[in-house]
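Scope of the values below: all heavy atoms of this structure, side chains included, with no hydrogens, waters or symmetry mates.
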Amino acid sequence: MKIRYCWRCGMEVPMLEGEESKIASQLYAEGFRALKKDNQNRFKKLLDYYNELTGFEERNPNAILHHFADMYGPVCEVCGKPYRTHQATFCAACGNKRKMKKLFLDDIRTIDMIYDRSLESEFDIVRSYNEFVAYITKNGLPNFISFDNDLGLDDERNVAPDGVACAKWLVYQSKLDLRNLEFKVHSANPVASEQIRGLLNNYIKHLKTIE
């Protein structure tokens with residue numbers, strides 16, 4: 001549990017995290033299926049669970065569904081209120097433009113093997129296709145991505161999806177606006193490097209022609 005600002009309530013409230021949110025969702029579904037007409041009785045287990053856990057006297061079961069910490073983004077660097085979603089690019093409270101981390105895709109290398117050591121704090125590292133997709137799905141599109149291609153083996157000792165697969169996911173599946181994406185390919189694989197550059201450059205060029 002953590003205290004965070006809720007946009008629906010307009011104030012700071014206790015918000016549930018992880019397993020707490022899962023339990024609350026299950027209790028809400030259980031109450032929703034109940035035949036009782038009175039919401040206080042239908043959702044008594046949910047209300048009791050939330051109130052006992054947080055010490056907060058919530059009487060509206062629907063409000064609890066907005067009190068899941070994971071549904072909001074990180075806090076704004078200027079005003080301290082959370083971004084409304086993980087993908088939000090600006091703060092709805094103060095208008096601050098969110099400064100996104102750069103993303104470094106590589107199964108082995110560290111940042112200082114490609115870039116100056118002073119830039120390490122600007123990057124987050126992902127080591128696989130799955131981590132790449134999960135990171136962007138949760139945090140939104142970074143301003144800059146540095147691509148490796150060959151990402152080693154998966155858990156079953158098969159060749160893992162590579163940097164080309166990551167680029168294809170961005171173009172064909174992510175549904176993200178890539179027009180302002182900056183990227184570099186630091187892979188030592190020349191053929192795959194050209195595939196990544198060609199795919200992303202051509203798609204970004206296409207997007208800009210239909211603005």
Side-chain angles (χ1 to χ4, degrees), residues 2 4 17-18 69-70 72-91 93-174 176-205 207-208:
K2 66 170 63 171
R4 299 198 74 181
E17 300 180 276
D70 293 344
Y72 299 96
V75 296
C76 172
E77 302 85 352
V78 175
C79 71
K81 289 185 172 64
Y83 291 99
R84 285 187 181 235
T85 67
H86 288 286
Q87 291 78 25
T89 57
F90 69 94
C91 176
C94 69
N96 174 59
K97 184 170 179 168
R98 181 178 173 188
K99 186 176 181 180
M100 301 289 285
K101 283 268 195 173
K102 298 174 182 177
L103 191 61
F104 186 82
L105 171 67
D106 199 297
D107 62 321
I108 296 176
R109 297 179 184 90
T110 55
I111 306 298
D112 61 349
M113 294 173 71
I114 304 297
Y115 301 98
D116 189 272
R117 186 181 294 273
S118 64
L119 301 177
E120 284 185 329
S121 63
E122 298 181 13
F123 283 90
D124 280 335
I125 300 176
V126 290
R127 298 298 191 186
S128 68
Y129 171 89
N130 288 338
E131 287 185 17
F132 180 88
V133 171
Y135 179 95
I136 295 177
T137 300
K138 179 179 179 180
N139 299 292
L141 184 69
N143 297 324
F144 177 85
I145 302 175
S146 190
F147 286 89
D148 184 21
N149 182 69
D150 303 317
L151 300 177
L153 304 178
D154 62 20
D155 294 338
E156 298 179 354
R157 310 303 295 172
N158 297 315
V159 176
D162 55 17
V164 173
C166 292
K168 287 182 177 179
W169 177 81
L170 282 175
V171 171
Y172 300 121
Q173 295 178 258
S174 73
L176 294 169
D177 185 349
L178 306 184
R179 282 174 293 183
N180 296 318
L181 174 66
E182 296 182 6
F183 68 92
K184 173 181 176 178
V185 183
H186 64 262
S187 171
N189 183 327
V191 175
S193 295
E194 283 306 309
Q195 286 181 292
I196 295 171
R197 291 190 194 97
L199 178 62
L200 290 176
N201 282 331
N202 288 337
Y203 185 65
I204 292 170
K205 182 179 179 180
L207 290 175
K208 289 181 177 180

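For NZ of K101, the number of neighbouring non-hydrogen atoms (other residues, nucleotides, ligands) closer than 6.0 Å is greater than 12. Taking a 6.0 Å sphere around CG of N158, one finds it holds more than 12 heavy atoms contributed by other residues, nucleotides or ligands.
Closest approach of G152 to D107, counting heavy atoms only: N-OD2, 3.4 Å. In terms of heavy atoms, I136 sits closest to P142 at CG1-CD, 4.1 Å. For Y129 against Q173, the heavy-atom pair with the smallest separation is OH-OE1, 4.1 Å. Closest approach of S121 and S118 over heavy atoms only: OG-O, 4.4 Å. Taking every heavy atom of both residues into account, D112 and R117 meet most closely at OD2-NH2, 2.9 Å. Looking at every heavy atom in both residues, T137 comes nearest to V133 through OG1-O, 2.7 Å.
A distance of 12.5 Å separates CD of E120 from NZ of K102, quoted to the nearest 0.5 Å. Rounding to the nearest 0.5 Å places CG of L199 at 12.0 Å from CD of E194. F183 contributes atom CZ, which lies 7.0 Å from atom CZ of F147 (distance to the nearest 0.5 angstrom). Between N180 atom CG and T89 atom OG1 the span is 10.0 Å, to the nearest 0.5 Å. To the nearest 0.5 Å, the span separating OH on Y72 from NZ on K81 amounts to 13.0 Å. Atom OG in S128 sits 7.5 Å away from atom CG in L151 (nearest 0.5 Å).
P82 has its side chain out of reach of C76: every pair of non-hydrogen atoms, C-beta onward, lies at least 4.5 Å apart. At least one side-chain heavy atom of F144 sits less than 4.5 Å from a side-chain heavy atom of F123. Using a 4.5 Å heavy-atom cutoff, the side chains of P161 and C166 are not in contact.
The closest side-chain donor-acceptor pair between N143 and E182, if any, does not fall under 3.5 angstrom. Side-chain contact, S187 with N189: no donor N or O sits under 3.5 Å from an acceptor N or O. Looking at Y135 and N130, their side chains never bring a donor and an acceptor atom within 3.5 Å of each other. For the residue pair D106 and H186, a side-chain donor N or O sits within less than 3.5 Å of a side-chain acceptor on the partner.
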Side chain to side chain contact (heavy atoms under 4.5 Å, CB included) between I114 and K184: does it pass, once the steps are laid out?
CA-CA 11 Å; I114 304 297; K184 173 181 176 178; 4.3 Å; yes
Side chain to side chain contact (heavy atoms under 4.5 Å, CB included), that's the test. Do F132 and I145 meet it? Break it down for me.
CA-CA 10 Å; F132 180 88; I145 302 175; 4.0 Å; yes
For S146 and Y115, what are the C-alpha separation, side-chain angles and deciding distance, and is it a side chain to side chain contact (heavy atoms under 4.5 Å, CB included)?
CA-CA 10 Å; S146 190; Y115 301 98; 2.6 Å; yes
Show your reasoning for whether side chain to side chain contact (heavy atoms under 4.5 Å, CB included) applies to Y203 and L170.
CA-CA 10 Å; Y203 185 65; L170 282 175; over 6 Å; no
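One N or O on the side chain of N149 and one on the backbone of V164 form a donor-acceptor pair closer than 3.5 Å. The closest donor-acceptor contact from the side chain of R179 to the backbone of I204 lies at 3.5 Å or more, if one exists at all.
Contact check on K2 versus E17 returns a salt bridge, with a Lys/Arg side-chain nitrogen under 4.0 Å from an Asp/Glu carboxylate oxygen. Between D148 and R109 there is a salt bridge, since at least one side-chain N of the basic residue sits less than 4.0 Å from a carboxylate O of the acidic one.
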